[in-house]
Colleague: 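Before I ask anything, here is the structure I am working with.
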There are 2 protein chains.
Amino acid sequence: MSKDASPRSDKWVDIIEVGTRDGLQIEKKLIPAAEKIAILDAMIASGIRLIEVTSFVSPKAVPQLADAAEVLAGIARRDDTYLMALVPNVRGADRAAETSLDGGVLLCSASETHNRKNLNRSIGESIDGFAAIAERLREAGIDRLGAVATAFGCPFEGEIDQANMFRIVRAYAELGVKHLTLGDTTGMATPANVRATVRALKAEFPGLDLCLHLHNTRGVGLANVIVGLEEGVRRFDASVGGLGGCPFAAGATGNICTEDLVYLLQESGYETGIDLCKSIDVALRMERALEKPLVGQVMRAGPRLTLHAADAVPTAAG
Amino acid sequence: MSKDASPRSDKWVDIIEVGTRDGLQIEKKLIPAAEKIAILDAMIASGIRLIEVTSFVSPKAVPQLADAAEVLAGIARRDDTYLMALVPNVRGADRAAETSLDGGVLLCSASETHNRKNLNRSIGESIDGFAAIAERLREAGIDRLGAVATAFGCPFEGEIDQANMFRIVRAYAELGVKHLTLGDTTGMATPANVRATVRALKAEFPGLDLCLHLHNTRGVGLANVIVGLEEGVRRFDASVGGLGGCPFAAGATGNICTEDLVYLLQESGYETGIDLCKSIDVALRMERALEKPLVGQVMRAGPRLTLHAADAVPTAAG
């Protein structure tokens, strides 16, 4: 990331906000571009520096993100703001090239079935297509970032073949990609496979900055963050209010929640540059925009030392 | 615990189910004793061995638990079933003595304000009263277990004075208590204070079996479990379906969820003796009994390798 001005102390953790992309993409209620921009501006004001704003997918496939260029153009950047978007194909790269995007994320699933379903091509075809997308982004002065979807398991195939992941990552590395996101697309990451995967990738590709894109589908998202931190990962995707979901489980939650992650990191002695209270305000605003309750916990309970009057509420033992 | 037949491999973790106590105590909808018993029997059939079934609090204060004796009498025990209940005072011990309870849990908060509000006495008065409760339980052949509420912070006072916790634990130790539960009553435990507190207590009281009673009020319950495991804790309270709540935050969740904890442990190479699918069935049954959705995640998404047909649901990139 060229504008990535992260202080690189061992206690600094980058949070990449993906709520307006991974969160909104499954929401039926269309949020007007102006409201998205206001929310993104509020995220930046809360201290968020890195945002995966949108995706240059087909507007027909994901109408919610048809306003990608308009939203990117409307954001009031700060000097350290770094805006990213998914760029799944050359057509997307062409659209991205017309914007002020900082980083374009190339994508491929580690599962053949998921990649076919998501991008309508084989893993090999996706890999063969990377160069053209990357070249189009390079010409436009946009950084090339890489992501592997279903990195910890596939909802169709089950366990993934690690050889597939290595093929994809090697292709990214050959294109000079420095930032690699491992996507826990449907919440199949566990402490054991997060640890094993991070170790294997660090051993093989020591120059890559790893980012974990964890979902909380099975409730263990933040437990996986702890393991990632222990393995030296200092970059995590998260979604405002825990926005998002899992297409395979009605009622299951989506990405790990930004404010809950900020809270966890802050209480664990890490720095994020993000103001927790402002972050909660952003989540409450997103909730109002979507007119439905989000699943974030800290946005309900407040920061840890939120004190209550002793006569406020009756307690019961325990 | 006298009937505690846990295999003591380093990979064995005891889960104590507290849903019918800590979970139900804040539910307004009264569940009939017969339904509670059916759910408790299903828990036992799922492999749960240790259950904090109820509390011998004043039936006036907590009508939901007025049926404590009836429920305990109705449970179909297996040989390794161990039934526990909170016993906050001598009157409660008198009632418990008439039942087949295995373990009675004494309780005191590490916060003066919380203890006064919860038990209507000072920490000193609670400590002075332990002996009489313990003696009554001993006469009835019931094990004496100990718990410290607000062990990681108090919603009224903020940080607790660790000296208070040590006073309480010393009093338990002098009474021969072996099992000590640290209660994260309103979800103020963090990786940092879980690690520090467990280390401090283990250094001072190496003979105690520590149990963590974690709430997920701020979303970090299972992250705290990871830290507890790293510090050698092998006993955790959890609540079916994540049942429970926080009286200070509408919409905030309560105890960590049993099935999600079973999932996390199983996927991390630990053994619990609990069948995840049966455990999910219990959560679904509790949900039907309460006629409202519970917050458990694995009960929605299913076990990790729940596979889907590739034509089941449209996906979107990411």
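Atoms considered below: every heavy atom in the structure, side chains included; atoms not considered: hydrogens, waters and symmetry mates. A, B, ... follow the sequence lines: proteins, then strands. Residue 1 opens every chain. Predicted model, so just to flag it, every value in this text is computed and none were measured.
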Colleague: Determine whether A/Thr186 and B/Arg304 make a side-chain contact, defined as any pair of heavy atoms from C-beta on separated by less than 4.5 Å.
Modeller: no

Colleague: Using a 4.5 Å cut-off on heavy atoms from C-beta on, say whether the side chain of A/Met188 contacts that of B/Leu305.
Modeller: yes

Colleague: Where on A/Cys257 is there a heavy atom nearer than 4.5 Å to chain B: the side chain, the backbone, both, or neither?
Modeller: neither

Colleague: Which answer fits B/Thr181, side chain, backbone, both or neither, if we ask what part of it has an atom under 4.5 Å from a heavy atom of chain A?
Modeller: neither

Colleague: When only pairs under 4.5 Å are counted, which of A/Val18, A/Leu307, A/Thr190 shares the most heavy-atom pairs with chain B?
Modeller: A/Leu307

Colleague: Chain A: which of B/Gly158, B/Ala61, B/Ser109, B/Gly221 shares the most heavy-atom pairs with it under 4.5 Å?
Modeller: B/Gly158

Colleague: For the interface with chain A, which of B/Gly187, B/Gly219, B/Ala192 has the highest count of heavy-atom pairs at distances below 4.5 Å?
Modeller: B/Gly219

Colleague: Is any NZ, NE, NH1 or NH2 atom of the basic residue among B/Arg218 and A/Glu259 found under 4.0 Å from an Asp or Glu carboxylate oxygen of the other?
Modeller: no

Colleague: Which atoms form the tightest heavy-atom contact between A/Ile226 and B/Ile226, and what is the distance?
Modeller: CG2-CG2, 3.8 Å

Colleague: Is it the backbone or the side chain of B/Asp237 that comes under 4.5 Å from a heavy atom of chain A, or both, or neither?
Modeller: neither

Colleague: What part of B/Leu222 gets within 4.5 angstrom of chain A, counting heavy atoms only: side chain, backbone, both, or neither?
Modeller: both

Colleague: Under 4.5 Å heavy-atom distance to chain A, tell me which part of B/Pro293 shows up: side chain, backbone, both or neither.
Modeller: neither

Colleague: For chain B, which of A/Glu159, A/Met299, A/Glu157, A/Arg195 has the most heavy-atom pairs under 4.5 Å?
Modeller: A/Glu159

